[in-house]
A.B. asks: 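Below you will find the structure I want to go over with you.
Order of appearance sets the numbers: ligands from 1, and atoms from 1 within every ligand. Positions are given from 1 along the sequence.
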Amino acid sequence: MPSLSIRNAHVYTPKAPAKPGQPLRAPHNDELTDLGLCDVVIDEGLISSIKPLKPTSKPRKPRENIPELDAKGLALLPGLVDCHTHACFAGSRLGEWDDKRKGVPYLDILKRGGGIMSTVRAVRDASQQTLTDLLLERLHTMLRCGSTTIEVKSGYGLSTEAELKMLRAIRDAADRFPGTVVPTALLAHAIDETQPGFVGRTTRETLPAVAAEFPGITVDAFCEKGAWSLEQCALYYERARALNLPARVHADQFNSLGMTPAAVRLGFKSVDHLEASTPEDLALLAQSTTMGVMLPICGLHLDNRYARGRKFLQAGGALCIASNFNPGSAPSPSLCEAIATSTRHLGLSPAEAIVASTHNPACLLGFKDRGRVEEGLRADLIILSDPDPRALAFQLGLPPIKHVITKGEVVK
Ligand code: NIG
């Protein structure tokens, strides 16, 4: 496991939560702790010491046999945690984008068999190896954009065989990736009208088959008009619960169907999207242990509709933001793009956006060993190209990331 000495880094970190694994809520999420200029030593992939430099400090003698990286006073932060992506896909939807730009809504494209279903056809036609190779290339791009932990959903297979093929491809890519990949089984992403009895089959056959091969995997669904209804989701999640599978859900993206209160009642890990949530549902979610995941690239790319991030935080919500990288609604591998957009359109401060893309999503994905810069935690770190951490939210286009370190290994 790599060891490394990072010299002269300006270290910023989200605060430690009151209890390990607990997400940060207002007011603790609106400030990063500034540790000043430090030397950070990594042993065997973990942060072993963070030593502040005094103005009078003489340059330390380099430690023998351990590589050194001079951070030159630039900002050092935890590696980004992208907790909602659909990065495993094949094919392209650029043709549909022409229709979209002429004004055809996202859900109408889905209704006529395009959108998610067009990617489903491309994924069914692709081999597991092709899916692995395509995903691995995207994971490396995301890593270079600062994401050291990345959740990846299935959901473009929509049959037992094709969903298992996707999940195996995600597992194979994860094994070859220096960062961390967390799979999610999105078996209820759309309704495949070509398969009679599709909902029943997914619930009775696909869910148990996935649970048998991937025990304890988190399941997900898209609860939306033209996708899975509230009633269909109820059957799906009831079966998932019986199989001991934790749950997340895509809800309130275009229409509020009542899934958010149901998810809160059932203790889901998160509700993702929230653009169309009612103020009451958003407040209910904010007061619960279920986290809210907002995906602002959708607003940027699709229709200028954004979730009310500020309101959610003011109501005490535990917030994550994510790239939602996918070939339809969010064609960006960069969580930095989502961070920047969230400060323009969700009403987040740069510190809130950084907490929502480091410590909080680490909690959502079940990690207590990352998301902050602290002795004993895993050395997943980024060094910006600026001494000020706000640059992460300020800069548009190219992510302002000079170095990426995962488990002590410098990968950029
Ligand atoms: O979270 N809305 C559902 N799922 C994705 C989009 C997937 C796609 O368009 O391929 C989302 O936005």
A.B. asks: Could you list the atoms of ligand 1 found under 4.0 angstrom from a heavy atom of His250?
C.D. replies: 1 (O), 3 (C), 4 (N)
A.B. asks: Specify whether His84 and His250 have parallel, tilted or perpendicular ring planes, treating 30° as the upper limit for parallel and 60° as the lower limit for perpendicular.
C.D. replies: perpendicular
A.B. asks: Would you mind checking which non-hydrogen protein atom is closest to atom 12 (O) of ligand 1, with the distance to 0.1 Å?
C.D. replies: Ser329 OG, 2.6 Å
A.B. asks: Just need the protein heavy atom nearest to atom 9 (O) of ligand 1, so name the residue and atom and give the distance.
C.D. replies: Tyr106 OH, 2.5 Å
A.B. asks: Could you check whether any side-chain heavy atom of Pro399 comes within less than 4.5 Å of a side-chain heavy atom of Gln395, counting everything from C-beta outward?
C.D. replies: no
A.B. asks: Please find out if less than 6.0 Å separates the ring center of Phe325 from that of His86.
C.D. replies: no
A.B. asks: Of all the heavy atoms in Phe89, does at least one lie under 4.0 Å from an atom in ligand 1?
C.D. replies: no
A.B. asks: Please state which option from Arg93, Glu275, His189, Gln253 has its nearest heavy atom closest to atom 4 (N) of ligand 1.
C.D. replies: His189
A.B. asks: Considering heavy atoms of the protein only, find what lies nearest to atom 10 (O) of ligand 1 and give residue, atom and distance to 0.1 Å.
C.D. replies: Tyr156 OH, 2.6 Å
A.B. asks: Among Met166, Arg201, Arg121, His189, exactly one meets side-chain contact (heavy atoms from CB on, under 4.5 Å) together with Leu158. Which residue is that?
C.D. replies: His189
A.B. asks: Can you name the atoms of ligand 1, numbered from 1 with element, that are less than 4.0 Å from a heavy atom of His84?
C.D. replies: 1 (O)
A.B. asks: Between the side chains of Arg378 and Thr180, is a donor N or O closer than 3.5 angstrom to an acceptor N or O?
C.D. replies: yes
A.B. asks: Taking the six-membered ring of Trp97 as reference, does the cationic atom of Arg93 (NZ for Lys, CZ for Arg) lie under 6.0 Å from its centre and within 45° of its axis?
C.D. replies: no
A.B. asks: Check Glu44 with Lys407, please: is the shortest side-chain N to carboxylate O separation under 4.0 Å?
C.D. replies: no
A.B. asks: Touching ligand 1 at all, Glu224? Heavy atoms, strictly under 4.0 Å?
C.D. replies: no
A.B. asks: What I want to know is whether Asn324 and ligand 1 share at least one N or O pair that is separated by under 3.5 angstrom.
C.D. replies: yes
A.B. asks: Looking at atom 1 (O) of ligand 1, what's its closest protein heavy atom, distance included?
C.D. replies: His273 NE2, 2.8 Å
A.B. asks: Considering the heavy atoms of Gly328, write down every atom of ligand 1 situated less than 4.0 Å from one of them.
C.D. replies: 9 (O)
A.B. asks: Going by the ring-ring contact (aromatic ring centres under 6.0 Å, His included) test, name the single residue among His345, His273, His301 that passes it with Tyr306.
C.D. replies: His345
A.B. asks: If you have a sec, work out which protein heavy atom is nearest atom 5 (C) of ligand 1 and how many Å separate them, to one decimal?
C.D. replies: His86 NE2, 3.4 Å
A.B. asks: Could you list the atoms of ligand 1 found under 4.0 angstrom from a heavy atom of Ile116?
C.D. replies: 7 (C), 8 (C), 9 (O), 10 (O)
A.B. asks: Side chains of Ser48 and Asp43: is there a donor and an acceptor less than 3.5 Å apart?
C.D. replies: yes
